Amino acid sequence: MSKKKNKPKKIRPEVLKGFKDYSPREEIARQKIVSVFKEVFESFGFSPLQTPALEKIEVLKGADYGEDNLATIFNFTGPEKVEMALRFELTASLARFVAGNHELPLPFRRYQFAPVWRVDKPGFGRYREFTQFDIDSVGTASMLADAEIMAAICKSFEKLNLPNYKIRFSNRKILNGLAKMIGIPVEKAPDVFRVIDKLEKQGLDAVIKELGAGRIDKSGDKIPGLNMDNEHIILMREYISVYDLIVTAKHELKKEHDINVEISDDDIANFFVNYNPTAIRYFIKREGREEGIGLGEEQSTAIRNFLTIKKEDQLSVLRYAWSFMVERINKFQSGELGNFGDNKSSEEIKCVFDEGIKEYSTGLFELNEIRKYLEYLNVPEEKTIIDITVVRGLGYYTGPVFETYLDDVPEIGSVFSGGRYDSLVARFSGKKMPAVGASAGVDRLLAALLSKKLISADNTVSEVLVTAMDSEFSGEYIKILNEIRDAGIKAEIFLGETRNFTKQVKYADRIGVPIAVILGSEEFENGQITIKNLIAGREQAKEVSDREEWLKAENIQVTIDRKEMIDYLKKLLSKIKS
RNA sequence: GCUGGGGUAGCUCAGUUUGGUUAGAGCGCCUGAUUGUGGAUCAGGAGGCCGGCGGUUCGAGCCCGCCCCUCAGUACCA
């Protein structure tokens, strides 16, 4: 027990793995993002809710959580031996709040931004503690609720000066219905959806391979496949290609023909119902470079007509998807069932098929409703794309789903996404309650925007630094400081020990404050004040290499009467900020 | 979790091939030239458990084993 030297052990200044500090530069930018979201959602009438960071484990995980289920959350036994965990999302707490407050007027509309915690592997913009911004409408089945959230998301990105965003949206009912329509076994469907979800990131080839035998990734690691049979893979490929093909075909054929013909809605509808599935197949062949398009006269005309549709993109996709279903019905009725599993009776098969059709078509109708509401809400059509390959990973989505992508930072995937989850509140109340919501990962968005310099990055909020050269005037300095602050200008006084003026200006430069207010004995004698524009000074430094010349460059600062100070500062600030 | 790259000064990295005394560079930082002016320039200075633990050796930043961290890809993601 006798240590000769009791050297205090130095503690390494480190944070936990996956956690991070936010420097003023980052935090200022982050707060800007949050305040824009907040402003926009409040303008849509959503009110703030806040809930505890710690919740009972069953609130977060449901009554029948298992061990592996807990691997990715911070869970522990707290005081009084209560099993608890840090929340890993905000929706469960919302559901608990709604279920526990019976007097709450419904629909309940709230936003919430708060930190959440997950034991994930950290990566770029991915941390174990991060801020989520959530927005939800609980207790309404109206598609207007879905459309409204999408509209608010659009507005947010406009306000953040990120106009290159797109929302892709779909409906889980369509995929669920599709699986039943083409005879994918129920237990296999989630796997299929999971693979389709990778489309945006991994591309069509990778997805097709994973539906089949699997693939090898860039590091040489093996990714196992689902080993679906060929017939199903071909059908999935046709389905997946619906949106892509419209874009590709439109682009290609427009180049060739430069078509501009007026056509009627009937023509379009006719085209979709009668020709589309065949046409899709031809396009697929062409994409696979097996052969040319090889369309008949009639089909060519129909496609040409289709390509002249100018403002009907969303409708086009819906009609494509509809015709895909019609073709399945035709085949079903003519007895070409395809692979539905051998040990099912034809009665069972018909039942599943009918269910599928019902779900699929309901999904399309709901999307069409959202489409209309988006139009009423003045959301530009090119910003919202119906893309029936959108899945969303979360298991609990039951209806429309949507994902927002920023073209400027495609590598981070979707940035503000959500959908309809009709059974989450039921965990508490036993009753189904319709709800729709969306969630943004603020920190991932921030990391991407900062790295691409798409958001301003100031190191300080200070607008003015009052330098302090002469300790005998400290009362005067503070008087001036008060005056500036009272005028609503963010100001600080130099608090360092030194009176060395060079150091003070250097400090001002390094924290990035744009204006320095200077008072020495000369100014005091004349009742004046010197105001220096540090931003302009920085520009000037680029051109001047000689020190003497640099010191003489005085047009970046003025000496004025003290009474004019506030007016001058205000003008200068508004000039700098614009 | 899996596959691969990496960990040496605040940052970016050299040094590891072939083990050998005091571990280097650039940038940044501090002090001064310059206590009434940021940049540039000049002079000086501080700053290293060479990721950790164990092993081999007279001797390890370098070789061996285990672990940790990190970057990329990928899986999972309520």
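In what follows, every chain begins at residue 1, and chains take the letters A, B, ... in the order their sequences are listed. It should be emphasised that the depicted structure is a prediction, and the values quoted were computed from it without experimental measurement.
Considering only side-chain N and O atoms, A:Gln202 lies under 4.0 angstrom from the phosphate OP1 or OP2 of B:rA75. One finds a side-chain N or O of A:Lys503 lying less than 4.0 angstrom from the OP1 or OP2 phosphate oxygen of B:rU31. At B:rC30, one or more side-chain N or O atoms of A:Arg510 fall inside 4.0 Å of OP1 or OP2 (strictly under the cut-off).
Atom-to-atom, CG of A:Asp120 to C1' of B:rG1 comes out at 12 Å; the value is rounded to the nearest Å. Straight-line distance from the NZ atom of A:Lys17 to the P atom of B:rG51: 19 Å, rounded to whole Å. Rounded to an integer number of Å, the gap from A:Ile216 CD1 to B:rC2 P is 18 Å. Residue A:Leu60 contributes atom CG, which lies 18 Å from atom P of B:rC77 at whole-angstrom precision. Rounded to whole Å, atom C1' of B:rU74 lies 8 Å from atom NZ of A:Lys198. Atom CD1 in A:Ile223 sits about 8 Å away from atom C1' in B:rC2, given to the nearest Å. The distance between atom CZ of A:Arg538 and atom C1' of B:rA40, rounded to the nearest whole Å, is 15 Å. A:Leu16 has its CG atom 11 Å from the P atom of B:rC69, to the nearest Å.
Minimum atom distance to the side chain of A:Arg215 is reached by B:rU74, of the listed B:rC69, B:rU74, B:rC77. Relative to the side chain of A:Lys201, the nucleotides B:rG36, B:rG38, B:rU74 differ in distance, and B:rU74 lies closest. Minimum atom distance to the side chain of A:Arg194 is reached by B:rC77, of the listed B:rC77, B:rA72, B:rG36.
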Quiz item: So A:Glu523 and A:Thr530, side chain to side chain donor-acceptor pair (under 3.5 Å) or not? Walk me through it.
Solution: CA-CA 7 Å; A:Glu523 282 87 354; A:Thr530 297; 2.6 Å; yes
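Comparing the same atom, P, in B:rC64 and in B:rC27 gives a spacing of 35 Å after rounding to whole Å. For the P atoms, the distance from B:rC2 to B:rA75 is 16 Å, rounded to whole Å. Atom P of B:rC77 sits at a distance of 25 Å from the matching atom of B:rC68, rounded to the whole Å. If you take atom C1' in B:rU16 and the same atom in B:rC50, they sit 11 Å apart, rounded to whole Å.
The existence of a salt bridge linking A:Arg25 and A:Asp458 is excluded, since no basic side-chain nitrogen approaches an acidic carboxylate oxygen closer than 4.0 Å.
For B:rC63, the paired base is B:rG55 (Watson-Crick or G-U wobble, both distances below 3.5 Å). Taking a pair to require two hydrogen-bonding distances under 3.5 Å in either a Watson-Crick or a G-U wobble arrangement, B:rG26 pairs with B:rC11.
Within 6.0 Å of atom NZ in A:Lys570, 12 or fewer heavy atoms from other residues, nucleotides or ligands are found, so the atom counts as exposed in its surroundings. Around NZ of A:Lys201, the count of heavy atoms belonging to other residues, nucleotides or ligands within 6.0 Å does not exceed 12.
Under the 6.0 Å cut-off for aromatic ring centres, A:Tyr127 and A:Phe19 do not qualify, their centroids lying 6.0 Å or more apart.
Side-chain contact, A:Ser417 with A:Ser414: a donor N or O sits under 3.5 Å from an acceptor N or O.
A:Lys121 contributes a side-chain N or O that forms a donor-acceptor pair with the base of B:rG73 under 3.5 Å.
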